[in-house]
J.: 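I have a structure here, written as structure tokens, and I will follow up with some questions on it.
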Amino acid sequence: MSLRDQSRALEARLKAIPSEIVAELRPALMKSAEDLADKMRALVPVDDGDLRDSIAVTGPGETTPAYASGGGRRTASEAQALVTVGNPEVRHGHLQEFGTVTQEAQPFMRPAWRIAKARIERRIARAIGAAIKKAGGRGNA
């Protein structure tokens, strides 16, 4: 399955989540995205800080800042928070992360994700569980 197909499948699954649960999930999504962005900022190789300062969090239903020349924007679904790196003036995050022929890789995105992943997954699972419990309680009242 291609990355595009996987993305479409995920989007369809996210759209199937009841709106009450999505509303309860939003704070956990935002906290998780902010935590990830903070870890990325702490790990990014800093010369002048432009790359670090370009790391941005976009909440559910919002559109990312332009992260490439010519625009390059994406709108998060109601059940997504996005962390982006770069802007029209700072377009070298991927080069830092993966390296080039003349520059050794200095990863900061993937290591930040590895550090944050378990905590993010637990936070989101707790938020979903609480939202389901709350929604179930309303149905029984």
Side-chain angles (χ1 to χ4, degrees), residues 1-101 103-141:
M1 181 183 273
S2 73
L3 185 58
R4 182 167 293 201
D5 291 338
Q6 289 175 351
S7 180
R8 286 182 183 142
L10 174 61
E11 201 166 323
R13 290 179 68 193
L14 292 172
K15 285 180 181 179
I17 300 171
S19 60
E20 298 85 15
I21 293 175
V22 171
E24 295 288 327
L25 184 58
R26 183 182 172 103
L29 290 171
M30 290 304 296
K31 174 75 173 144
S32 296
E34 291 292 348
D35 284 352
L36 178 58
D38 287 345
K39 285 174 180 42
M40 289 169 65
R41 289 181 191 111
L43 294 173
V44 70
V46 175
D47 286 331
D48 57 14
D50 290 343
L51 184 59
R52 180 194 61 230
D53 295 343
S54 76
I55 298 170
V57 172
T58 302
E62 298 174 355
T63 301
T64 63
Y67 51 84
S69 61
R73 299 183 200 299
R74 180 170 170 211
T75 300
S77 79
E78 290 302 318
Q80 287 182 314
L82 305 173
V83 180
T84 56
V85 178
N87 59 45
E89 290 78 40
V90 179
R91 301 182 348 227
H92 60 279
H94 63 291
L95 302 176
Q96 290 289 152
E97 186 74 10
F98 300 107
T100 67
V101 171
Q103 176 184 315
E104 189 173 322
Q106 295 177 300
F108 65 99
M109 292 181 252
R110 291 170 301 149
W113 171 245
R114 282 192 296 274
I115 292 167
K117 181 181 178 187
R119 187 172 188 185
I120 288 171
E121 288 174 340
R122 286 191 306 270
R123 178 184 295 122
I124 290 173
R126 280 192 312 269
I128 290 170
I132 290 171
K133 187 175 181 180
K134 184 176 177 181
R138 278 184 280 199
N140 295 331

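Hydrogens, waters and symmetry mates are skipped; everything else that's a heavy atom, side chains included, is used. None of the values given here were measured: they were computed from a predicted structure.
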J.: From Arg8 CZ over to Asp5 CG, what is the distance, rounded to the nearest 0.5 angstrom?
T.: 6.0 Å
J.: If the condition is salt bridge (Lys or Arg N to Asp or Glu O under 4.0 Å), which residues does Arg123 pass it with, not counting sequence neighbours?
T.: Asp35
J.: List for me each residue that meets salt bridge (Lys or Arg N to Asp or Glu O under 4.0 Å) alongside Glu62, sequence neighbours excluded, and say none if there are none.
T.: Arg26
J.: Would you please name every residue forming a side-chain contact (heavy atoms from CB on, under 4.5 Å) with Val83, sequence neighbours left out?
T.: Ala33, Leu36, Ala37, Met40, Ile55, Val57
J.: With rounding to the nearest 0.5 angstrom, report the CG to CZ distance, Leu51 to Arg41.
T.: 11.0 Å
J.: Could I get the full list of salt bridge (Lys or Arg N to Asp or Glu O under 4.0 Å) partners for Arg74, not counting sequence neighbours?
T.: none
J.: Does a side-chain heavy-atom distance below 4.5 Å link Val22 with Pro60?
T.: no
J.: Looking only at atom types and distance, does a side-chain atom of Glu97 sit under 3.5 Å from a main-chain N or O of Met109, one as donor and one as acceptor?
T.: yes
J.: When rounded to the nearest 0.5 angstrom, what is the spacing between CD1 in Ile124 and CG in Leu25?
T.: 6.0 Å
J.: List the atom of Ala66, the atom of Pro88, and the distance in Å for their closest heavy-atom pair.
T.: O-CD, 3.3 Å
J.: So, taking the atom named OG in Ser32 and the one named CZ in Arg122, what distance separates them when rounded to the nearest 0.5 Å?
T.: 10.5 Å
J.: Out of curiosity, Lys31 NZ to Arg119 CZ, how far, rounded to the nearest 0.5 Å?
T.: 6.5 Å
J.: Measure the OG1-CG distance between Thr64 and Asn87 for me, rounded to the nearest 0.5 Å.
T.: 11.5 Å
J.: Testing the basics here: between Gln106 and Pro45, what is the closest heavy-atom pair and its distance to 0.1 Å?
T.: CB-CG, 3.5 Å
J.: How close do Thr75 and Gly61 get, counting heavy atoms only, and between which atoms?
T.: CG2-O, 3.9 Å
J.: Closest heavy-atom contact between Val85 and Gly93?
T.: CG1-CA, 4.3 Å
J.: Using the test side-chain contact (heavy atoms from CB on, under 4.5 Å), find all partners of Ile115 that sit at least two apart in sequence or belong to another chain.
T.: Lys39, Leu43
J.: What pairs with Gln6 under side-chain contact (heavy atoms from CB on, under 4.5 Å), at least two apart in sequence or on another chain?
T.: Met1, Leu3
J.: Search all heavy atoms of Ala81 against all heavy atoms of Met30 and return the closest pair with its distance.
T.: CB-SD, 4.3 Å
J.: Side chain of Gln80, backbone of Ser77: donor and acceptor closer than 3.5 Å?
T.: yes
